[in-house]
Amino acid sequence: MTDGHYGPTDNYGSARVIAEHTGIRRTELIRLFIAGKIKGYQGGCDYWLDVLSLREYQLSQRETTNRS
């Protein structure tokens, strides 16, 4: 994320900012985190999510879809 909203490492961003940048609804991002599909933590008024784990999840879903 390039807007200064960082978590404990540069790989983390707030769910709100990630939603704005990716077009994925914030509630969907939080649902993926709660389900254990992506890494993150709840801190302050938002969830902080690992952008790299979101990307890995998206890639794994494409591979699963391509195999079907």
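Partners of D50 according to the salt bridge (Lys or Arg N to Asp or Glu O under 4.0 Å) rule, which considers only residues two or more places apart in sequence or in another chain, do not exist here. Take E28 and apply the side chain to side chain donor-acceptor pair (under 3.5 Å) test, not counting sequence neighbours, and it matches R31. The side-chain contact (heavy atoms from CB on, under 4.5 Å) search around A15 returns R26, I30, D46, Y47, L49, not counting sequence neighbours. Applying the side-chain contact (heavy atoms from CB on, under 4.5 Å) test to S60 and every residue at least two apart in sequence or in another chain returns Y57.
The CG atom of L32 sits 10.0 Å away from the CD1 atom of I34 when rounded to the nearest 0.5 Å. To the nearest 0.5 Å, atom CG of residue L59 and atom OG1 of residue T64 are 10.5 Å apart. A distance of 5.5 Å separates CZ in R67 from CD in E63, rounded to the nearest 0.5 Å.
Between V51 and I18, the closest side-chain pair of non-hydrogen atoms falls below 4.5 Å. A heavy-atom distance below 4.5 Å is found between the side chains of K39 and Y12.
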_Derivation of the side chain to side chain contact (heavy atoms under 4.5 Å, CB included) call for R55 and N11_ = CA-CA 11 Å; R55 183 68 180 144; N11 295 334; over 6 Å; no
